Amino acid sequence: MNVNKIRLAVTVIGSAIGVVAAGVQARKAVAKGDKLSLVNAIASVLVAVTGGALAIRGARKDGEEA
């Protein structure tokens, strides 16, 4: 396994963990009625999903160049 595949795997796993953590935060925010925390959780999901998508796109471009 080369370094790029390891980097991709770590990034995607990190993004998945970020989505799960944001989901937990969102559930707590809804239970407490905390709108600001809910907005933060939604933003965190967007960041995690975007990071994962960028990593996958980078890996595809690297694969095409090889």
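Because the structure is a prediction, the values reported are computed rather than measured.
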Could you list the cluster mates of Ile17? Members are the ILVMFWY residues connected by side-chain heavy atoms closer than 4.5 Å, either directly or through other members.
Ile13
Residues that Arg27 engages under side chain to side chain contact (heavy atoms under 4.5 Å, CB included), provided they are two or more places apart:
Val24
Atom pair CZ (Arg7) and CG (Asn2), whose distance is rounded to the nearest 0.5 Å
9.5 Å
If hydrophobic residues (ILVMFWY) are linked whenever their side-chain heavy atoms come closer than 4.5 Å, directly or via other members, who joins Val12 in its cluster?
Leu8, Ile56
Report, one line per pair, each donor and acceptor closer than 3.5 Å where one atom sits in a side chain of residues 30-42; sequence neighbours left out.
unit_1: Asp34; atom_1: OD1; unit_2: Leu36; atom_2: N; d: 3.3
unit_1: Asp34; atom_1: OD1; unit_2: Ser37; atom_2: N; d: 3.3
unit_1: Ser37; atom_1: OG; unit_2: Gln25; atom_2: NE2; d: 3.4

Show the atom names and distances, to 0.1 Å, of all donor-acceptor pairs under 3.5 Å that link a side chain in residues 45-54 to residues at least two apart or in another chain.
unit_1: Thr50; atom_1: OG1; unit_2: Leu46; atom_2: O; d: 2.7

